[in-house]
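Some notes on the structure that comes next.
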Amino acid sequence: MVTTTYQVQGMTCGHCANAVSTEVGAIPGVSDVQVDVAAGRVDVTSDGPLDTDTVRAAVDEAGYDLVGA
């Protein structure tokens, strides 16, 4: 298992956290997503390293911006 922390811009509430968690959680191999709205941080646990572009696309689909990994 690998846990990677991503910085996501634009999240302000629980709905934001749920949207990001749902989209990122749908990526194959992801087993857990923890969102810290206040810090703009998303911790993703997966079977192996994830492609940053795949995570960026999922965050974008949720309506937010991935600004760093």
Side-chain angles (χ1 to χ4, degrees):
M1 293 301 231
V2 175
T3 300
T4 307
T5 300
Y6 298 93
Q7 288 299 125
V8 176
Q9 190 173 34
M11 299 184 301
T12 58
C13 64
H15 176 266
C16 300
N18 187 50
V20 170
S21 182
T22 298
E23 292 296 334
V24 174
I27 297 170
V30 171
S31 58
D32 187 49
V33 180
Q34 297 295 319
V35 179
D36 182 337
V37 172
R41 189 176 71 228
V42 179
D43 297 321
V44 181
T45 303
S46 57
D47 295 337
L50 297 173
D51 178 62
T52 302
D53 288 338
T54 301
V55 177
R56 180 177 276 94
V59 170
D60 185 62
E61 184 66 28
Y64 307 96
D65 295 314
L66 182 68
V67 292

Exercise for review: May I have all residue pairs that pass salt bridge (Lys or Arg N to Asp or Glu O under 4.0 Å) and include part of residues 20-40, sequence neighbours excluded?
Suggested key: D36-R41

**Study point:** Minimal non-hydrogen separation, Y64 against G10, with atom names
**Key:** CE2-O, 3.5 Å

Practice item. Any chance you could measure D53, atom CG, to L66, atom CG, to the nearest 0.5 Å? Key: 9.5 Å

Review point. Looking only at heavy atoms, which two atoms of G25 and V30 are closest? And how far apart?
Key: CA-CG1, 4.0 Å

Exercise for review: Measure the shortest side-chain to side-chain distance between L50 and Y6 over non-hydrogen atoms and say whether it is less than 4.5 angstrom.
Suggested key: yes

Check your understanding: Are T45 and S31 close enough that a side-chain donor and a side-chain acceptor fall under 3.5 Å?
Key -> no

Revision key, fill the gap. Across all chains, not counting sequence neighbours, the side-chain contact (heavy atoms from CB on, under 4.5 Å) partners of T12 are C16

Review point. If you measure from CG on D65 to CE on M11, what distance do you get to the nearest 0.5 Å?
Key: 11.0 Å

Check your understanding: If we only count heavy atoms from C-beta on, is the V42 to Q34 side-chain gap below 4.5 Å?
Key -> no

**Study point:** T5 side chain to D43 side chain, donor-acceptor N/O pair below 3.5 angstrom
**Key:** yes

